[in-house]
**Q** 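Quick one: the structure is below, and I'll ask about it shortly.
In what follows, every chain begins at residue 1, and chains take the letters A, B, ... in the order their sequences are listed.
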2 protein chains.
Amino acid sequence: MSIAERRERQRAERYDLILAAARELAEAEGWDAVTTRRLAGLIDYSQPVLYSHFKGKADIMAAVATRGFEELAARLRMETANVTGARDVLRNVCDAYLGFARSRPVIYEAMFVLPTKIKFASEETPTALRAAFAELVAALGPDRQEPEFLAEVLWSALHGLVVLAQSGRIPATGAEARLNVLVQKFGR
Amino acid sequence: MSIAERRERQRAERYDLILAAARELAEAEGWDAVTTRRLAGLIDYSQPVLYSHFKGKADIMAAVATRGFEELAARLRMETANVTGARDVLRNVCDAYLGFARSRPVIYEAMFVLPTKIKFASEETPTALRAAFAELVAALGPDRQEPEFLAEVLWSALHGLVVLAQSGRIPATGAEARLNVLVQKFGR
DNA sequence: ACACTGATTCTAGCGTTGCTAGTATCTCTG
DNA sequence: CAGAGATACTAGCAACGCTAGAATCAGTGT
């Protein structure tokens, strides 16, 4: 079985190679620059090889997004784990969310903006995505009324701030003032 | 000068024809279906005619979006004009915003989601867009601290609710409950 | 050691996209 | 009624996602 295992391993390595290339190219030049031809060139394989790993370009982006969910969940977890004042936790989690979006704008785009096949709020939802949402719920503190809805509205506000700023529809200046407003409104 | 005027008028009519066709096609099948060839076919002209009116597809979408700003501003104005309780005004304006997004999803997309050349929060910002934002500020009531930032955060929350729902990332059910949460948090 | 078989990867190409150069046509002017 | 200028067309380019079919490589059995 060792030959089959080696093949499997090599395939997995190439899978990672594709994802890394897609991520780097997207971060450098945006998702429009991520064409199947350029991607194939970057990994020194021909174009159709991509289709033996992924159904298509959308599938590649979904895979990049899934890894993004893991990173986001980890970042948020770090903030809820540090138990300080409840107000601080909310603020730090929001800040971490915004920070993630700022540091990985194109991955955020794949996760939350571009059309996606990934199922949200269902049984097929990736674990990491559920975990990230759970951190938002936790950050709002216990004993809230309708915690799911509350967290969804908070998430909407955070997401709105991110995308409107990224697309230049909200000024780059004043980000901290807006965060203050948000925390004040959603804090106890 | 009457011949030149007639030509001018005919050009303007064709301009409107293109915009109407783009809008209808987008509403029926989405922006991806709005190709320059299909658009040309719908108005019974050849493809390059489009480029005598617009710089390109993005320019056409921007024009559709601009008309959308006018409609949105008008809808919001109707709610702030009806002076009832301050809490009701905020609620009604938010509801009107969400209603606009629901009734004209693809126009909303061109206005607030897709990459755009339209300048926001600057001197070149279309009048209707400024007006719409001013309605949001007004809905929050007078004598607020940092009314601009507050309105921007409210707008972000509304926008987040819209796009996350439209892309299936937030469940379709519970929209009213989320609106309740939002109004409760941002009301006095 | 060698031919066979099946998986793997490549070349080449399809249909579509936004956009444009160059030609033909059509309209108004002198 | 002929010339000039605006107007709209045909035809084509480069790039896109994706795929069929040929070629090449690896592992197996005799």
**Q** Quick one: Phe54(B) CZ to dT20(C) P, roughly how many Å, whole number?
**A** 15 Å
**Q** Among the candidates dT20(C), dC19(C), dA26(D), find the nucleotide nearest to the side-chain atoms of Arg7(A).
**A** dA26(D)
**Q** Do the side-chain N and O atoms of Arg169(A) and Thr125(B) include a donor-acceptor pair separated by under 3.5 angstrom?
**A** no
**Q** Could you give the CD1-to-C1' distance, from Ile18(A) to dT9(C), as a whole number of Å?
**A** 13 Å
**Q** Side-chain donor or acceptor of Gln47(A) under 3.5 Å from a matching atom on the base of dC18(D)?
**A** yes
**Q** Flag the pair Phe69(B) / Phe133(B) as yes when their ring centroid distance falls below 6.0 Å, and as no otherwise.
**A** no
**Q** Nearest heavy atom decides the nucleotide; on that basis, is Asp32(A) or Val49(B) closer to the 5' end of DNA chain D?
**A** Val49(B)
**Q** Quick check: does any side chain N or O of Ser122(B) sit under 3.5 Å from a backbone N or O of Lys119(B), one acting as donor and the other as acceptor?
**A** no
**Q** Is the distance between the ring centroids of Tyr45(A) and His53(A) under 6.0 Å?
**A** no
**Q** Between atom CG in Asp59(A) and atom P in dG17(D), what is the gap in whole Å?
**A** 14 Å
**Q** Nearest-Å distance, CG (Leu50(A)) to P (dC16(D))?
**A** 13 Å
**Q** Answer yes or no: does a side-chain N or O of Arg14(A) lie under 4.0 Å from OP1 or OP2 of dT9(C)?
**A** yes
**Q** Between dC16(D) and Thr35(A), is there an OP1 or OP2 to side-chain N/O distance shorter than 4.0 Å?
**A** yes
**Q** Expressed in angstrom and rounded to an integer, what is the separation of Gln10(B) atom CD from dA8(D) atom P?
**A** 9 Å
**Q** Nearest whole Å is fine: how far is dG21(D) P from Tyr51(A) OH?
**A** 18 Å
**Q** Counting only side-chain N and O atoms of Ser46(A), is one of them less than 4.0 Å from OP1 or OP2 of dT9(C)?
**A** no
**Q** Centroid-to-centroid, Trp155(B) to Phe112(B), below 6.0 Å?
**A** yes
**Q** Rounded to the Å, how far apart are Leu114(B) CG and dG18(C) P?
**A** 14 Å
**Q** Given atom NZ of Lys57(A) and atom P of dT19(D), what is their separation to the nearest angstrom?
**A** 15 Å
**Q** Can you figure out which of dA8(D), dC19(C), dA26(D) approaches the side chain of Arg37(B) most closely?
**A** dC19(C)
**Q** The side chain of Pro48(A) is closest to which nucleotide in this list: dA8(D), dT19(D), dC19(C)?
**A** dT19(D)
